[in-house]
Amino acid sequence: EISIHLASRLQGEIINADAFQLYSGLDIATAKVSESEMDGIPHHLLGSFPPSETLNVHKFKEHALPIVSDIFSRCKTPVVVGGTHYYVESLLFTKTLVDESFTKEGHSDPDMPSDKSYSDVYAALKSVDPEAAAVIHPNDTRRIHRALEIIQQTGGPLSAVFRDQQAQGGASPRFPAVVVIVDYPWEELKERLRRRVDGMVTAGLIKEVTAMHTELSRQKLSPCSSVPDANDDYMGLSAAIGYKELLPYIEAVAGDESDEQLSRIFTDCIEQIKSNTIKYAKKQQTWIKNSLIPKCKRSGVQVLRIWRGDTTLPHLYESDEGDVVRFTEIEALVEAIESRDVLPPSQTQNIYHSDKEPSFPGSCSDSTRMWRKRNIFECDVCGNRVLQGHDQYEEHIKSKRHRKRVTAMHKRQKNMLSMSEKKDSGS
């Protein structure tokens, strides 16, 4: 709604920057805009690639930049829309950490045999760059291979590459731009996301995913079973939220489960979609706060927010952070973009052109943050399960399964101690 309104008012054309909306298929699961909703506005890179193709930020940029140039050449405004923020950053900035200069076709280290196990590939990374290995999940083969590729091409550790690029000055804007962020109160947003999933089910999500699973299985491109923690077993569109979460139900329907069991599995799958959608929304908010806004502030790119919660707020006001401007009405936002007069000049200079680091609590450089946010933990109680980051670890130890195993372990230890004491007293 907002992007189409902006494109209409600004003589614009929309470029999709949602990683899964780039693919054809799963229109319901990926929440693609319908043709009737486009309101005559041209949309680019929407459903443009087959579901089997594995895309990345560099392929996206290769296709998107010529479109941006073409739109500019026709005196129109490119409106880049999507929640895959590092795709957006790749267009907005000329240099992002570990940029395209390190990219070659493929994602595997030529010296690393393809039949290597997760543990072998991870061990190879650990031996050459322990610092990078400490923040990359042992099962995340895509990032492990990428790290090994960068190490081979640069002759140095990945961690050093990040620090060197940060020292060179970080990102700079590729062209004049305004970044617009849509804000909702968190609790309201979570409820909206839950309702959206329910709406997808009503609109035919199960039928859509089943058909896609059948097609990908025929092409031998989809995982044969659901493996929630092994994301690299999914390729292309099959990694989209709403697809892999429904595999247990699809497999159960094909089996001999009772109606009661099917109902329970279905409910669990839908709840998993809702949970993963909310987690992804939280991840997007974190990316905006810790990556996108700091880059914009350092490079002088204006950031505007439109508030979709309490409409009693003033049309134009500063956010709590004091770093951006928010609007409650789209029309006010459009006028601000057209005029670029969003703050008094004295405040604009301080907010958008400061050489100081952004003042977020606990703020650090992009490279430092990258190495802090993905610490690896192991839970020996749950069979040495690998957990990535403090948030995932805290969530795991609070989970019912973990607490149940801890209780069982303590019970076993207590029984063993009791048996030992009885044996000692008997002797």
Side-chain angles (χ1 to χ4, degrees), residues 1 16 18-38 43 45-55 81-84 184 188-284 399-401:
E1 174 195 353
N16 168 54
D18 181 290
F20 294 113
Q21 290 186 7
L22 292 171
Y23 295 101
S24 60
L26 291 188
D27 292 1
I28 297 172
T30 59
K32 283 196 186 80
V33 61
S34 67
E35 189 170 348
S36 62
E37 293 171 328
M38 292 179 184
H43 282 61
L45 297 181
L46 189 68
S48 303
F49 299 91
S52 58
E53 186 167 350
T54 301
L55 301 174
V81 183
T84 309
Y184 280 97
E188 180 181 333
L189 177 60
K190 289 195 292 184
E191 185 56 34
R192 285 177 60 89
L193 294 174
R194 293 188 186 99
R195 291 200 303 268
R196 189 175 77 171
V197 174
D198 291 334
M200 289 177 173
V201 174
T202 303
L205 177 65
I206 310 303
K207 183 179 179 180
E208 177 183 80
V209 172
T210 301
M212 180 62 68
H213 180 61
T214 300
E215 176 61 21
L216 293 181
S217 295
R218 185 185 65 79
Q219 299 178 36
K220 297 182 179 179
L221 292 170
S222 181
C224 59
S225 62
S226 52
V227 188
D229 292 327
N231 291 329
D232 284 312
D233 286 348
Y234 299 87
M235 53 179 20
L237 186 56
S238 64
I241 295 175
Y243 178 87
K244 57 187 181 293
E245 292 86 354
L246 279 174
L247 292 185
Y249 176 71
I250 293 172
E251 294 166 0
V253 169
D256 56 356
E257 304 286 353
S258 67
D259 290 345
E260 183 180 350
Q261 288 173 317
L262 282 176
S263 178
R264 177 183 56 79
I265 294 171
F266 175 78
T267 300
D268 290 344
C269 289
I270 299 304
E271 285 303 313
Q272 191 63 53
I273 295 175
K274 293 178 180 179
S275 174
N276 289 347
T277 301
I278 291 170
K279 287 179 181 177
Y280 185 66
K282 186 64 175 177
K283 183 178 179 181
Q284 288 176 314
S399 68
K400 184 177 179 179
R401 177 179 294 182

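Here, residue 1 is the first one in the sequence, and each next residue gets the next number.
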Is there a side-chain contact between [X] and [Y], using heavy atoms and a 4.5 Å cut-off?
{"X": "S263", "Y": "D259", "answer": "no"}
{"X": "R196", "Y": "M200", "answer": "yes"}
{"X": "P248", "Y": "D268", "answer": "no"}
{"X": "L26", "Y": "F20", "answer": "no"}
{"X": "F266", "Y": "V253", "answer": "no"}
{"X": "K279", "Y": "S275", "answer": "yes"}
{"X": "L246", "Y": "L205", "answer": "yes"}
{"X": "L189", "Y": "L193", "answer": "yes"}

At their closest point, which heavy atom of [X] faces which heavy atom of [Y], and how far apart are they?
{"X": "N16", "Y": "D18", "value": "OD1-N, 2.9 Å"}
{"X": "P51", "Y": "L216", "value": "CB-CD2, 4.1 Å"}
{"X": "Y23", "Y": "K32", "value": "O-NZ, 2.9 Å"}
{"X": "T30", "Y": "G25", "value": "OG1-O, 4.3 Å"}
{"X": "I241", "Y": "Y280", "value": "CD1-CB, 3.8 Å"}
{"X": "N276", "Y": "E245", "value": "ND2-OE2, 2.8 Å"}

To the nearest 0.5 angstrom, please state how far the [atom1] atom of [X] sits from the [atom2] atom of [Y].
{"X": "T210", "Y": "L247", "atom1": "OG1", "atom2": "CG", "result": "9.5 Å"}
{"X": "S24", "Y": "M212", "atom1": "OG", "atom2": "CE", "result": "6.5 Å"}
{"X": "T277", "Y": "Q272", "atom1": "OG1", "atom2": "CD", "result": "9.5 Å"}
{"X": "T267", "Y": "Y249", "atom1": "OG1", "atom2": "OH", "result": "9.5 Å"}
{"X": "K274", "Y": "E191", "atom1": "NZ", "atom2": "CD", "result": "8.0 Å"}
{"X": "L262", "Y": "D256", "atom1": "CG", "atom2": "CG", "result": "9.5 Å"}

- [ ] Report, as yes or no, whether the 6.0 Å neighbourhood of atom CZ on R401 holds more than 12 heavy atoms from other residues, nucleotides or ligands.
- [x] no
Open item on the list: Walk me through whether T202 and D198 qualify under side-chain contact (heavy atoms from CB on, under 4.5 Å).
Closed with: CA-CA 6 Å; T202 303; D198 291 334; 5.5 Å; no
Open item on the list: Using a 3.5 Å distance criterion without hydrogens, assess whether the side chain of E257 forms a donor-acceptor pair with backbone atoms of A252.
Closed with: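 Looks like no, no N/O pair under 3.5 Å.
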Open item on the list: Check whether E53 reaches the backbone of P50 with its side chain - one donor and one acceptor, N or O, closer than 3.5 Å.
Closed with: no
